[in-house]
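In what follows, a single structure is set out as structure tokens and then discussed.
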There are 2 protein chains.
Amino acid sequence: MSDLAAALEVLGARWALLIVEQLLDEPQRYSDLQRTLGVPTNMLATRLRELEAAGVLSRLPLKHNTRAYALTDRGLALRDAIVALSSWGAQEARP
Amino acid sequence: MSDLAAALEVLGARWALLIVEQLLDEPQRYSDLQRTLGVPTNMLATRLRELEAAGVLSRLPLKHNTRAYALTDRGLALRDAIVALSSWGAQEARP
DNA sequence: ACGGGGCACTTGTTTTTTACAAGCATCGGT
DNA sequence: ACCGATGCTTGTAAAAAACAAGTGCCCCGT
């Protein structure tokens, strides 16, 4: 399997990269991610579990039943890839 | 919609980025892509249609019923993003 | 000239993934 | 004691992907 395929094994699922993008600047809570991304709640829960299992992010307990999701070093290492993809997406496709 | 979301609109579908990666070095034919990627044939046909419509690749007619798929400039512009994702995927996740 | 094989796909059908909708447990404040 | 916010879970329906088989076309060898 190519390195790209290995990366997509973790990040290829829908919403995964968008979740990581949201967390690049600062940790966020579940409800914040939900609101800003508009992702269905069960998908969000599933992706967060998968991304945590893959070592991309971790949960920081805040108070009582609230927690924040923060990127690990491995998650932060995705910045370059996300920037590259974003700038590609920003260019208009020739019509 | 963020730029990343715009990029994923085109590239987020399964196999899309892997197809582009295969074409980075040289144009390839349908059967080559199929063999090297192991992608189901109906998915390959669908993705190639979508990627062509998005201006990422184009078909070069070869002879009779054979053609090659080649990246456009817009497709080649994905090289940085693919390299970044690949090198991320090449790192071992801390176990 | 005709038959077989490779190429580039379609066209069903099943399985997996995603979306949508609703509900549940916990805590903290009033 | 009750209400609302938060962070989920549990169904179920719709969409996407995988699997399997078949089609039309042209070329090449005999």
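Labels below follow one simple rule: chain letters A, B, ... track the order of the sequence lines, proteins then strands, and each chain is numbered from 1.
Atom CD1 in I19(A) sits about 14 Å away from atom C1' in dC8(D), given to the nearest Å. For the pair L48(A) CG and dT6(D) P, the computed distance is 16 Å after rounding to whole Å. With rounding to whole Å, L44(A) atom CG is found 15 Å from dC20(C) atom C1'. For the pair Q34(B) CD and dA18(D) P, the interatomic distance rounds to 13 Å; values are reported in whole Å. Computed from coordinates, the E52(B) CD to dC9(C) C1' distance equals 14 Å when rounded to whole Å. Rounded to a whole Å, the CG atom of L62(A) is 11 Å from the P atom of dC8(D). Atom pair R14(B):CZ and dA15(D):P shows a separation of 18 Å (rounding to whole Å applied). Rounded to an integer number of Å, the gap from R47(A) CZ to dT17(C) P is 9 Å.
Shown are T72(A), L78(A), L71(A); of these, the side chain to side chain contact (heavy atoms under 4.5 Å, CB included) with R74(A) is made only by T72(A).
Nearest heavy atom pair, residue R67(A) against residue P61(A), reads CB-CA, 4.1 Å. Closest of all the heavy-atom pairs between R29(B) and L62(B) is CD-CD1, 3.9 Å.
The side chain of M43(B) lies closest to dA18(D), out of dA8(C), dG7(D), dA18(D). Checking dT10(C), dC27(D), dT18(C) against every side-chain atom of R49(B), the shortest atom distance belongs to dT10(C). In this structure, of dT18(C), dC8(D), dT6(D), it is dT18(C) that holds the atom nearest to the side chain of A13(A). Out of dA19(C), dG7(D), dC27(C), the shortest distance to the side chain of H64(A) is found at dC27(C).
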* **Working for salt bridge (Lys or Arg N to Asp or Glu O under 4.0 Å), residues R49(B) and E52(B)** => CA-CA 5 Å; R49(B) 242 182 281 123; E52(B) 188 186 15; over 6 Å; no
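Contacts of T41(A) with the nucleic acid, taken as non-hydrogen atoms under 4.0 Å apart, include base atoms. S31(A) comes within contact range of the sugar-phosphate backbone alone, with a heavy-atom separation under 4.0 Å but no base atom that close.
Side-chain N/O atoms of N65(B) and base N/O atoms of dC7(C) include a donor-acceptor pair closer than 3.5 Å. At a cut-off of 3.5 angstrom, the base of dT9(D) holds no donor-acceptor pair with the side chain of N42(A).
Proximity of R67(A) to the phosphate of dC27(C): no side-chain N or O atom is located under 4.0 Å from OP1 or OP2. Contact check, R59(A) against dG7(D): no side-chain N or O comes under 4.0 Å of OP1 or OP2. The side chain of W15(A) contributes no N or O atom lying less than 4.0 Å from OP1 or OP2 of dT17(C).
Side chain to side chain, S58(A) and Y69(A) fail the donor-acceptor criterion of an N or O pair below 3.5 Å.
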